[in-house]
Number of protein chains: 2
Amino acid sequence: MKLITRNTDYALRAICYISIHQRIVSVAELVRVLGVPQPFMRKILQKLNQQKILQSFKGSNGGFKLKISPHKISIIKIMRIFQGRIGINGCFLKKDICPNRGKCVLRKKIQSIEDNVIRQLTQINIAALV
Amino acid sequence: MKLITRNTDYALRAICYISIHQRIVSVAELVRVLGVPQPFMRKILQKLNQQKILQSFKGSNGGFKLKISPHKISIIKIMRIFQGRIGINGCFLKKDICPNRGKCVLRKKIQSIEDNVIRQLTQINIAALV
DNA sequence: GGTTAATGATACCACAATAGTATCATTTGT
DNA sequence: ACAAATGATACTATTGTGGTATCATTAACC
Ligand code: FES
Ligand code: FES
């Protein structure tokens, strides 16, 4: 059970760094500071640009800066970008959804745990981390 | 993020079924009822036997029955059998543990979420599900 | 205007975990 | 003896994660 993957982890750290420095930061600099493989970091930042978390600047002296306020960047938002839908799969039978679904006790309990986790991850934002 | 894998899911359902019927149940029967591939189900039950959750009976009319009380079978116990150590990896840099580890805010927050999840999973047992 | 330093887009590769199959040996009731 | 069950073990397939590699595009600077 891995709640946070490397993608997300690196993304969070990069965003934190950029958030602290409040300027355009290049991949090269992030790689130097965070010790992450460059092409991987690039891919991550490109995605954050596409998702409008960061804004990119091309050309010499280019790089990335925050596009939205650090208060508005929750951990769950970043997780969803890199890890897709955050949903604990309770009880699926192959591709068909279990017929008991409505009644199933296990599902309900797991669901409530999941809701808790998501609520907490939603509350943590970048501003709270830096 | 998958909290529960198929292994665990099938195992829980099998245990529930056996728990309800309170007798020796064969793989063939479980497969019929739960619609799970037979060899896979066998592998799962064999592991539960090894871990002393179930007790197996060989030979004709053989099968599996519970070895311990359903109250003592928590979800987390089954998860640990099939999914190994349940630990959210906060922030590792490659293989070295991050030097900030003690201070890192992210890690602390994630850790507390993890503790919650585990506490809740520990409280849910088979008796509560059936 | 050309060079250089940056990102954009995309395709590819490697590894590990999950999910499942296949086979043969062993036990036990009839 | 035979059939019906599990034990043990090795193998295969699929998917997700964690990357790499390459070429195109943009923009500052001389
Ligand atoms: S057994 Fe199907 S939803 Fe729980
Ligand atoms: S950055 Fe290393 S433990 Fe959080």
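Just so we're clear, the structure is a prediction, and the values are computed from it rather than from any experiment. In what follows, chains are A, B, ... by sequence order, proteins preceding strands, each numbered from 1.
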So if I take every side-chain heavy atom of A/Thr5 and compare against D/dA27, D/dG18, D/dT6, which nucleotide ends up nearest?
D/dG18
Which salt bridge (charged side-chain N to carboxylate O under 4.0 Å, His left out) pairs, counting each pair once, include a residue from residues 25-50 of chain B, with sequence neighbours left out?
B/Arg23-B/Glu29
Could you state the atom-to-atom distance from CD1 of A/Ile24 to P of D/dA27 in whole Å?
12 Å
Whole-Å distance separating the CE atom of B/Met41 from the P atom of C/dA19
13 Å
In whole angstroms, the gap separating P of D/dT6 from NZ of B/Lys65 amounts to 15 Å
Phosphate contact (C/dG8 OP1 or OP2) by A/Ser56 side-chain N/O below 4.0 Å:
yes
Treating B/Asn125 as the side-chain partner and B/Ile73 as the backbone partner, does any N or O pair qualify as donor plus acceptor under 3.5 Å?
no
In whole angstroms, how far is the C1' atom of C/dT7 from the NZ atom of A/Lys67?
15 Å
Starting at atom CG of A/Asn7, determine the distance to atom P of D/dG18, rounded to an integer number of angstrom.
6 Å
Atom CG of A/Asn61 and atom C1' of D/dT26 are separated, to the nearest Å, by 13 Å
How do A/Thr8 and B/Lys58 order along DNA chain D: which one's closest nucleotide is nearer the 5' end?
B/Lys58
Assert: residue with more 5' nearest nucleotide on DNA chain C, out of A/Lys43 and A/Gly62, is A/Gly62
Listed nucleotide nearest any side-chain atom of A/Val27, set C/dT30, C/dT7, D/dT20:
C/dT7
Any A/Tyr10 side-chain nitrogen or oxygen under 4.0 Å from OP1 or OP2 of D/dG19
yes
Side-chain donor or acceptor of A/Gln83 paired with backbone N/O of A/Thr8 under 3.5 Å
no
Among residues 44-55 of chain B, which ones have heavy-atom contacts with DNA chain D below 4.0 Å?
B/Gln46, B/Asn49, B/Gln50
Rounded to the nearest Å, what distance is computed from the CZ atom of residue A/Phe57 to the C1' atom of nucleotide D/dT25?
17 Å
Atom-to-atom span, CE of B/Met79 to P of C/dT18 - whole angstrom:
11 Å
Heavy-atom closest pair (A/Ile24 atom, A/Asn61 atom, distance to 0.1 Å) is CG2-O, 4.2 Å
If you assign B/Phe40 and A/Val25 each to the DNA chain C nucleotide with the nearest heavy atom, which residue ends up on the more 5' nucleotide?
A/Val25
Does A/Arg42 contact C/dG8 through a side-chain donor or acceptor facing the base, at a distance under 3.5 Å?
yes
If the threshold is 4.0 Å, N to carboxylate O, is there a salt bridge linking B/Asp115 and B/Arg119?
no
Can a donor-acceptor pair be found, under 3.5 Å and without considering hydrogens, that links the side chain of A/Thr122 to the backbone of A/Ile118?
yes
Taking A/Lys77 for its side chain and A/Lys72 for its backbone only, find out whether a donor-acceptor pair lies under 3.5 Å.
yes
